[in-house]
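To start, the structure under review is shown below, and the notes come after it.
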Amino acid sequence: MEFTLTTTLILIGAAAIASFIQRVSGFGFGIFIMTLLPYILPSYGESTALSGLLAMSQSAVVAWNARNNIVWKRVLPMLGIFCVFAFIAIQYVAIINRKGLMIGLGIILIALSIYFLFFSEKIKIKPSLPMQLGMGTISGLMGGFFGMQGPPAVLYFIESEPDKNHYIAQTQVYFLLGNLFMSFSRFGKGFVTATVGHAWVFAILGVCMGTYIGSKVFERLPAPALRKIIYIYMAISGVVAIV
């Protein structure tokens with residue numbers, strides 16, 4: 001596959017926006033970029049591979065900067081079960097009907113957007129090992145099938161962490177290690193191709209730009225306003241995926 005100037009600019013722009021969203025809110029990279037990548041890359045599997053590699057690249061930088069706030073005992077149980085179910089899901093990505101995957105993704109995005117918009121203040125998730133395992137399972141399936149393991153993890157960590165700095169630290173190290181594992185699994189399935197590598201080289205420029213701008217906004221922009229925009233976009237993306 002050859003990348004035209006238009007395709008390259010779309011990749012860079014999409015990666016920049018996705019990285020900005022991820023850096024400010026702690027999640028959303030895959031949710032945003034996976035609405036575009038399946039229409040740019042040759043296969044759905046390659047789209048999830050590129051999304052994971054780009055998200056991993058960003059999370060590595062953010063997790064390193066937040067390393068003093070990482071508490072491993074609050075991450076590893078969820079990460080362990082995540083890896084199991086992500087591996088299982090990746091084995092079936094190539095053989096499952098893509099339209100079926102997109103419909104499933106759309107339903108999930110709409111349901112999550114409704115939750116975040118209307119019920120997140122009323123429904124409280126208590127930090128516990130069973131909750132970690134449950135959220136890790138859902139996160140693994142979403143990561144393996146759709147390249148967007150973030151929402152279930154966010155639901156757990158945003159309720160269990162004492163402040164936003166610890167929240168960012170736990171989510172980013174979780175996404176870093178989760179995407180690292182999935183990238184190896186996708187490589188084994190042949191999804192990490194030369195096309196994915198070429199696209200990564202272009203898109204990483206957008207990741208750098210979005211991460212830099214997002215880091216400047218993180219302390220200034222009111223989180224509720226930004227999150228509502230993201231949730232509304234999640235709902236719109238879900239409708240588009242289903243149609």
Side-chain angles (χ1 to χ4, degrees), residues 16-32 54-83 112-140 142-143 148-181 207-234:
I17 296 172
S19 298
F20 174 82
I21 293 171
Q22 177 88 4
R23 181 62 186 90
V24 174
S25 66
F27 80 112
F29 189 100
I31 290 173
F32 180 87
L54 292 172
M56 181 181 69
S57 301
Q58 185 196 34
S59 293
V61 175
V62 180
W64 174 257
N65 291 334
R67 62 189 180 278
N68 292 333
N69 289 320
I70 295 173
V71 182
W72 289 105
K73 67 180 180 180
R74 300 207 290 260
V75 176
L76 292 179
M78 191 169 175
L79 182 64
I81 197 69
F82 163 87
C83 290
L112 287 172
S113 66
I114 292 173
Y115 168 85
F116 278 117
L117 279 170
F118 301 110
F119 302 111
S120 60
E121 296 299 323
K122 300 177 181 179
I123 302 175
K124 298 299 180 181
I125 297 176
K126 295 181 179 180
S128 65
L129 181 59
M131 184 60 68
Q132 274 192 309
L133 297 179
M135 289 299 188
T137 297
I138 299 172
S139 178
M142 287 184 64
M148 51 183 73
Q149 68 271 31
V154 165
L155 286 177
Y156 179 79
F157 287 122
I158 204 168
E159 294 289 344
S160 62
E161 294 304 310
D163 55 57
K164 69 176 182 180
N165 292 321
H166 281 85
Y167 160 73
I168 286 292
Q170 300 346 305
T171 54
Q172 298 314 298
V173 75
Y174 174 84
F175 295 149
L176 166 62
L177 297 178
N179 277 310
L180 178 63
F181 173 82
V207 170
C208 294
M209 289 188 293
T211 302
Y212 176 78
I213 297 172
S215 66
K216 299 299 182 181
V217 174
F218 179 67
E219 297 292 342
R220 297 178 176 85
L221 188 68
L226 177 64
R227 289 182 178 182
K228 286 184 179 180
I229 294 173
I230 295 171
Y231 306 150
I232 292 172
Y233 179 80
M234 285 170 57

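Tyr174 and Ser139 are linked by a side-chain donor-acceptor pair at a separation below 3.5 angstrom, with hydrogens and angles left out of the test. Checked by atom type, the side-chain pair Asn179/Gln149 shows a donor-acceptor distance below 3.5 Å.
Under the 3.5 Å distance criterion, the side-chain polar atoms of Gln170 are matched with a main-chain donor or acceptor of His166. Looking only at distances, a side-chain donor or acceptor of Gln58 sits under 3.5 Å from a matching main-chain atom of Ser19. Although no hydrogens or angles enter the test, the distance criterion places a donor-acceptor pair under 3.5 Å between the side chain of Ser215 and the main chain of Tyr212.
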For residues 70-83, which side-chain N or O atoms pair as donor and acceptor with protein atoms under 3.5 Å away, sequence neighbours left out?
| from | atom 1 | to | atom 2 | distance (Å) |
| --- | --- | --- | --- | --- |
| Arg74 | NE | Glu161 | OE1 | 3.4 |
| Arg74 | NE | Glu161 | OE2 | 2.9 |
| Arg74 | NH2 | Glu161 | OE1 | 2.8 |

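Nearest approach of Ala169 to Ala66, heavy atoms of both residues: CB-O, 3.6 Å. In this structure, Val62 and Gln172 approach most closely via the heavy-atom pair CG1-CG, 3.5 Å.
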Evaluation steps, side chain to side chain contact (heavy atoms under 4.5 Å, CB included), between Asp163 and Tyr167: CA-CA 6 Å; Asp163 55 57; Tyr167 160 73; over 6 Å; no
Check against side chain to side chain contact (heavy atoms under 4.5 Å, CB included), Phe20 and Val217: CA-CA 9 Å; Phe20 174 82; Val217 174; 3.8 Å; yes
Worked verdict on Ile21 versus Phe29 for side chain to side chain contact (heavy atoms under 4.5 Å, CB included): CA-CA 7 Å; Ile21 293 171; Phe29 189 100; over 6 Å; no
Full working for side chain to side chain contact (heavy atoms under 4.5 Å, CB included) between Ser59 and Gln22: CA-CA 9 Å; Ser59 293; Gln22 177 88 4; 4.2 Å; yes
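Between Ile213 and Lys216, the closest side-chain pair of non-hydrogen atoms is not below 4.5 Å.
Residue Met142 holds its CE atom at 11.0 Å from CE of Met135, rounded to the nearest 0.5 Å. A distance of 11.5 Å separates CG in Asn165 from CG in Asn65, rounded to the nearest 0.5 Å.
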